[in-house]
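Notes for the one structure printed next.
Keep in mind the model is a prediction, meaning the values are calculated, not measured. Per chain, numbering begins at 1; letters A, B, ... match sequence-line order.
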Amino acid sequence: MPTELSKQYDPREAQQKWLALWDERGYFHARPDENCEPFCVVIPPPNVTGALHMGHALNNTLQDVLVRWRRVQGYDALWMPGTDHAGIATQAVVEKRVREEEGKSRHDLGREELVARIWRWKDQYEARILGQLKQLGASCDWARTRFTLDEVCSRAVRQTFFAMFRDGYIFRGKRLVNWDAQLQTSVADDETYTENVQGGFWTFKYPVKGTGEFIRFSTTRPETMLGDTAVAVHPSDPRYQHLIGKLVTIPLVGRDIPIIADGLLVDPALGTGCVKVTPAHDPNDYACGLRHKLPMINILNADGTINKEGGKYAGLERSVARDEVTKDMEALGLFEGREDRAIPLKFSDRSKTSIEPLLSDQWFVKMADRDDGKPGFAQTAMDAVTSGKVKIFPERYAKSYLDWLGEKRDWCISRQLWWGHRIPIWYVRCPEEALTTAFAGRQDVTWRRDEDNDQWLVCALEDLPDDVLGPQYPLRRDPDVLDTWFSSALWPHSTLGWPDSTPELRHYYPTSVLVTSRDIITLWVVRMVITGLYNVGDVPFRHVYIHPKILDGFGETMSKMKGNGVDPLDIIELYGADALRFGMVHLATENQDSKLPVSNVCPHCGALVSVKREHMYLRTKKLTCPECKKAFRPGGPWPSPDPELPTAKQGSEKFEQGRNFANKLWNAARFLLLNLEGYTPGALRLEELPTEDRWILSRLATTTKEVTEHLEGFHFSDVARAVYDFTWSEFCDWYVEMSKGRLRDEASRPQAQRVLAGVLDTILRLVHPVMPFVAESIWQALGEAAFERGLPSPEPSPESVVIAPWPSFPAEWRDAATEKRIARMQDLVRAVREIRNRYGVDTKTPVDVLVRCDDALAGDFRRLEPFVKTLANVGTLECGPSVTKPPQSAGTVHPEFEGYVSLRGLIDPEAEAKRVEKQIAEKRKHLQATQGKLSNESFVSKAPPEVVEQQRALVAELQGQIQVLEENLRELRQG
RNA sequence: GGGCGCUUAACUCAGCGGCUAGAGUGCUAUCCUCACACGGUAGAAGUCACUGGUUCAAAUCCAGUAGCGCCCACCA
């Protein structure tokens with residue numbers, strides 16, 4: 001029963017109960033309804049590697065706010081959930097576990113077994129992540145949950161790759177990879193580490209042909225000289241101007257290479273100012289090689305020995321070749337010296353041997369414009385934004401999107417991993433007839449010639465058996481997998497069933513809005529636009545909303561290692577899911593970062609101990625709680641629990657506002673429910689309502705309009721603020737207080753109940769997208785006591801706030817005159833309270849108040865007299881034009897009236913006089929400034945007339961107030 | 001190195017050309033009054049980073065300076 005509502009809102013109980021109820025009733029399940037306008041959001045799929053962090057909490061809260069709002073607005077709302085297989089990250093986590101628990105490497109397990117292990121890991125963590133999202137209150141359509149590596153997504157990936165390959169958007173190209181010569185495999189960047197090792201810095205010289213001159217250069221890897229294809233100097237370096245365009249000979253291999261000018265590669269201040277260029281074995285040289293169309297000579301075999309390009313050095317180990325090369329150069333008199341130097345060197349995580357940058361064949365998606373008339377991918381994506389088909393909020397992020405695309409850099413999509421979508425390419429050496437015969441009439445196989453390697457590249461929609469061409473032409477499948485972002489790029493349409501034309505795809509695509517963070521605009525947003533346009537023929541979403549990034553109290557990124565992160569689940573436990581959500585919505589401003597100070601929660605007493613810089617990176621092993629003086633271990637990525645010292649969870653006081661707000665709402669509802677006895681539903685006629693009712697309805701109508709507009713413009717912080725301010729500062733602080741007397745009066749009670757119930761009903765609808773749990777709790781309780789309610793006419797209430805229609809009120813409800821009337825009364829009440837406080841007059845002792853004002857105002861105050869009397873505990877209230885300041889009273893001046901509180905025996909005339917003097921001084925200063933403006937001829941002539949008028953009115957007002965204050969002062973001094 | 005952003009009360013942030021610059025937290029005083037102490041009432045607290053400029057008018061627009069941060073590229 002309603003009267004049993006506890007004094008404090010218990011989020012935990014509510015969360016359990018309503019999650020189950022919502023799920024059971026299927027509120028979040030969407031069925032494509034042609035007669036209903038769709039609103040669709042696809043979740044940025046979280047990685048299955050670990051737990052959700054604060055960024056996820058923010059991202060998903062904002063999506064949920066939008067989806068819940070649109071759903072109750074009557075849209076056919078679908079929020080598509082799912083997770084990402086996150087190639088490298090997931091494989092690395094599982095490999096690490098296998099290594100730690102079994103001491104085995106992935107090579108010990110083999111590809112199949114490792115992938116099987118990762119699938120098991122994925123099932124476990126996917127369940128955990130989805131569970132966390134549910135705890136947050138995310139209103140996803142869980143029945144549609146997808147995974148970027150599941151069958152549905154795989155089919156889309158296969159189809160996309162096949163079509164892009166067939167259409168010539170996917171091509172094979174060269175790229176430098178990290179080559180592990182011991183394991184004879186390339187390794188991903190994440191699998192390497194850099195160490196400073198003692199190395200050499202050699203200086204050599206090459207003879208410049210036909211000049212007798214030499215050009216000097218330095219290197220840390222002399223053996224790469226065998227693969228040099230140019231020497232570069234800075235275009236504006238005066239020392240070498242005359243040599244640009246000349247040829248030099250590499251003596252050891254007898255190759256002639258040009259001297260080129262390259263401002264990007266060469267820093268004239270470093271070394272000799274000349275750089276040898278080895279495009280096949282150095283990332284910078286590679287870029288330079290592309291710019292100058294230099295030959296790229298690979299001098300290494302897979303095992304790290306020098307290949308046939310190295311001439312007489314062929315077959316030598318790298319290090320041996322280095323010595324030999326140096327020795328031979330010295331013998332030729334071309335060696336100038338060597339100095340010891342610490343050199344950063346990349347190593348492979350697994351073999352611990354040094355990484356060799358090696359040019360290898362990789363797969364790319366072509367971004368640049370094409371010469372065959374088909375659109376270039378980069379351009380189509382740029383057009384989508386410049387034409388406004390995709391709108392980015394805040395607008396400034398459109399610039400990063402366009403800038404990045406403007407480079408039109410090809411997208412390398414092959415990764416040397418085992419976990420992911422395997423590239424559907426088979427290599428075979430055979431005459432083409434073998435292919436045409438075997439695949440005659442098949443649309444699902446296509447092939448292209450790879451002249452460099454004398455082979456065919458065969459792409460197929462379904463896996464091809466190795467012997468499909470017969471035993472003499474075995475197929476070899478590409479071992480690599482696709483970049484994770486390749487499958488993520490298809491997410492908005494693959495999750496809806498593409499390549500099939502499903503009802504979902506037809507109805508919900510393009511989706512409505514994508515909510516994400518700015519660091520993946522280029523990795524993800526751009527690529528979704530490209531594939532959406534290519535596969536479906538339309539953009540994937542109409543709007544992109546980029547939310548801020550959450551940083552710690554010092555403005556640093558949060559990370560487990562630093563120990564400055566906050567676990568959303570801890571916040572839910574400590575403050576409730578609604579508090580977490582309110583906090584997230586509240587910090588979502590237009591700003592690009594938002595700081596969230598972090599605290600350790602004392603495991604003994606729950607006190608918050610703020611995390612300081614020196615606590616980070618596990619530098620502090622033990623902290624003492626300032627409250628209970630007991631010791632604990634600060635939160636962080638501790639590998640195991642400490643038996644001696646309990647570890648703190650991490651929290652933040654930022655969420656107290658949301659928790660308190662939920663409690664405030666709860667108690668406002670409690671108040672109403674305790675006063676609903678005898679409630680009967682009934683229609684309200686605006687014109688018959690008393691001032692206070694028209695006032696709260698006017699404020700409610702304004703708030704509703706504002707909240708709706710803030711949601712439409714993605715101004716989330718303003719949404720939270722508007723709902724909070726109205727509920728707390730207007731409804732609770734004033735209207736509820738004003739209703740107390742009316743509820744005790746038999747005659748006015750029914751109407752007060754109806755308005756209170758109606759306003760609370762609307763507040764719940766407005767609060768629901770942000771704080772669904774507390775809204776539902778109150779909604780259900782209210783439903784028992786006042787099932788039929790509403791504004792202006794009562795209706796049976798929907799069975800859940802989750803499906804309660806979004807409110808909107810006629811513009812006439814907003815009533816500026818009434819709002820002004822109440823504001824004036826509030827000013828009077830506040831002034832009386834201030835005087836009461838100042839003189840320490842107990843709230844239980846009534847004071848007499850006199851107000852000098854015109855007749856109209858006096859009439860107003862008389863109508864509102866009961867409120868003035870109860871809100872400020874006023875004994876007698878006298879008002880009118882003939883009122884004079886009583887002796888021994890304190891006063892207040894207002895633009896429209898003067899108020900006096902009689903303080904017989906309490907007043908300190910001297911203190912009061914000083915106060916009045918101070919006020920006079922302030923008003924005079926203000927008056928002077930205002931008059932100054934008005935005496936400025938150009939202000940009067942150039943400023944808009946209403947601004948000038950405003951200032952004139954202000955002058956009159958101030959003069960009046962000063963006059964009153966001066967009279968009061970005289971009276972105080974005389975009396 | 002390129003791009004973007006931030007600097008307003010003790011802290012976290014609103015305000016984006018025209019009120020005597022606001023909120024939440026914290027602080028001070030007071031009140032456990034029959035919705036709420038996760039509360040009420042009132043109060044104190046700001047050279048709007050600095051220097052110039054534009055404008056009748058600048059926290060707000062422009063330029064520069066300093067500090068902080070994010071993203072991207074890179075460190076022969």
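- As rounded to whole Å, 13 Å separates atom C1' of A73(B) from atom CG of L523(A).
- Spacing between atom NE2 of H715(A) and atom C1' of C16(B) amounts to 11 Å, rounded to whole angstrom units.
- Ion pairing of E834(A) with R838(A) is present here, as a side-chain N (NZ or NE/NH1/NH2) and a carboxylate O approach within less than 4.0 Å.
- Residue R396(A) has no polar side-chain atom (N or O) positioned under 4.0 Å from OP1 or OP2 of C4(B).
- Nucleic acid contact for I521(A): none, since no nucleic acid atom lies under 4.0 Å from a heavy atom of the residue.
- For T589(A) and C13(B), the shortest distance from a side-chain N or O to OP1 or OP2 is not below 4.0 Å.
- Rounded to whole Å, atom P of C19(B) lies 14 Å from atom CG of L958(A).
- At least one donor-acceptor pair closer than 3.5 Å links the side chain of T870(A) to the backbone N or O of F867(A).
- Toward the 5' end of RNA chain B, the nearer of the two residues E656(A) and E922(A), judged by each one's closest nucleotide, is E922(A).
- Look at the P atom in both U28(B) and A57(B): the space between them is 44 Å, to the nearest Å.
- Contact annotation: K7(A) side-chain N/O to C36(B) OP1/OP2 distance is under 4.0 Å.
- Salt-bridge check for K408(A) with D410(A): failed, with every basic side-chain N at 4.0 Å or more from each acidic carboxylate O.
- Neither OP1 nor OP2 of A35(B) sits under 4.0 Å from any side-chain N or O of W728(A).
- When the nearest nucleotides of RNA chain B are assigned to D718(A) and T930(A) by heavy-atom distance, the more 5′-ward of the two goes with D718(A).
- Here R838(A) lies out of heavy-atom contact (under 4.0 Å) with every strand.
- For N667(A) and G39(B), the shortest distance from a side-chain N or O to OP1 or OP2 is not below 4.0 Å.
- Taking atom P on both nucleotides, A23(B) is separated from A14(B) by 16 Å, rounded to a whole Å.
- Between E356(A) and R221(A) a salt bridge is recorded (basic side-chain N to carboxylate O distance below 4.0 Å).
- Here the separation of A73(B) from C4(B), taken at their C1' atoms, is 15 Å to the nearest Å.
- Of all nucleotides present, none satisfies the Watson-Crick or G-U wobble test against A9(B) with each distance under 3.5 Å.
- The NZ atom of K654(A) lies 12.5 Å from the OH atom of Y575(A); values are rounded to the nearest 0.5 Å.
- Between C48(B) and A10(B), the distance separating the two P atoms is 12 Å to the nearest Å.
- When the P atom of C72(B) is taken as reference, atom CZ of R409(A) falls 11 Å away, rounded to whole Å.
- Across all strands shown, D282(A) has heavy atoms under 4.0 Å from sugar-phosphate atoms exclusively, and none from any base.
- Proximity note for L954(A) (side chain, C-beta onward) versus G18(B), U20(B), A35(B): the nearest is U20(B).
- The residue E590(A) sits apart from the nucleic acid: no heavy atom pair falls under 4.0 Å.
- Checking C32(B), C4(B), A35(B) against every side-chain atom of K399(A), the shortest atom distance belongs to C4(B).
- Spacing between atom NZ of K595(A) and atom C1' of U12(B) amounts to 8 Å, rounded to whole angstrom units.
- Checking G17(B) for Watson-Crick or G-U wobble geometry (two distances, each under 3.5 Å) identifies no partner in any strand.
- Among the protein residues, L551(A) comes within range of the sugar-phosphate backbone only, with heavy atoms under 4.0 Å from sugar or phosphate atoms but none that close to a base.
- With a cut-off of 3.5 Å on both pairing distances, U60(B) has no Watson-Crick or G-U wobble partner at all.
- For the pair Q650(A) and V601(A), the tightest heavy-atom approach, listed with the atom from each and the gap, is C-CG2, 4.1 Å.
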Between protein and nucleotides 56-62 of chain B, what N or O pairs are separated by less than 3.5 Å?
residue, atom, partner, partner atom, Å
C56(B), OP1, K942(A), NZ, 2.5
C56(B), O2', N936(A), ND2, 3.2

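- Taken from CG in D725(A) to OG1 in T703(A), the straight-line distance is 8.5 Å, to the nearest 0.5 Å.
- Contact between the side-chain N/O atoms of R659(A) and the OP1/OP2 oxygens of C38(B) is not found at any separation under 4.0 Å.
- Using cut-offs of 30° and 60° on the angle between ring planes, the pair F582(A) and F661(A) is tilted.
- With distances taken from any side-chain atom of N837(A) to the nucleotides G40(B), A35(B), A29(B), the minimum falls on A29(B).
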Can you give me the N/O atom pairs linking the protein to nucleotides 6-11 of chain B at distances under 3.5 Å, or say none if there are none?
none

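- For C16(B) and C72(B), the P atoms lie 31 Å apart once the distance is rounded to whole Å.
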Using salt bridge (Lys or Arg N to Asp or Glu O under 4.0 Å), reason through R742(A) and D745(A) one step at a time and then give a plain yes or no. CA-CA 5 Å; R742(A) 301 171 70 206; D745(A) 177 70; over 6 Å; no
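- R836(A) places a side-chain N or O within donor-acceptor distance of the main-chain N or O of A872(A), the cut-off being under 3.5 Å.
- Contacts with RNA chain B (heavy atom under 4.0 Å) in residues 221-234 of chain A: none are found.
- Rounded to a whole Å, the CG atom of L927(A) is 13 Å from the C1' atom of U20(B).
- The P atoms of C36(B) and G17(B) are separated by 44 Å, rounded to the nearest whole Å.
- G43(B) is paired with C27(B) under the criterion used here, namely a Watson-Crick or G-U wobble arrangement in which both key atom distances are under 3.5 Å.
- The side-chain tip of K740(A) points at the ring of F671(A) from less than 6.0 angstrom away and within 45° of straight on.
- At whole-Å resolution of the value, CZ in F582(A) and P in U12(B) are 19 Å apart.
- Side-chain N or O atoms of D593(A) include none that pairs as donor or acceptor with a backbone N or O of K549(A) at under 3.5 Å.
- Using modelled atom types, no side-chain atom of D262(A) and backbone atom of A232(A) make a donor-acceptor pair closer than 3.5 Å.
- Remark: C4(B) base-pairs with G69(B); criterion is Watson-Crick or G-U wobble with both hydrogen-bond distances under 3.5 Å.
- By the 4.0 Å N-to-carboxylate-O rule, K820(A) lies too far from D827(A) to be salt-bridged with it.
- Side-chain N or O atoms of R12(A) include none that pairs as donor or acceptor with a backbone N or O of G576(A) at under 3.5 Å.
- Atom name C1', nucleotides C56(B) and A9(B): the rounded distance is 31 Å, in whole Å.
- Contact annotation for S594(A): backbone-only contact, meaning every heavy-atom pair under 4.0 Å involves sugar-phosphate atoms and none involves a base.
- Atom P of nucleotide U25(B) and atom NE2 of H586(A) are separated by 10 Å, given to the nearest angstrom.
- Among the heavy atoms of the strands lying under 4.0 Å from Y724(A) are primed sugar atoms or P, OP1, OP2 only; no base atom is included.
- For S717(A) (side chain) and H586(A) (main-chain N/O), a donor-acceptor pair under 3.5 Å exists by modelled atom type.
- Residue K664(A) places at least one side-chain N or O under 4.0 Å from the OP1 or OP2 atom of G40(B).
- Taking the C1' atom of each, G18(B) and C71(B) are spaced 37 Å apart, rounded to whole Å.
- Nearest to the side chain of K923(A), among A35(B), A73(B), U20(B), sits U20(B).
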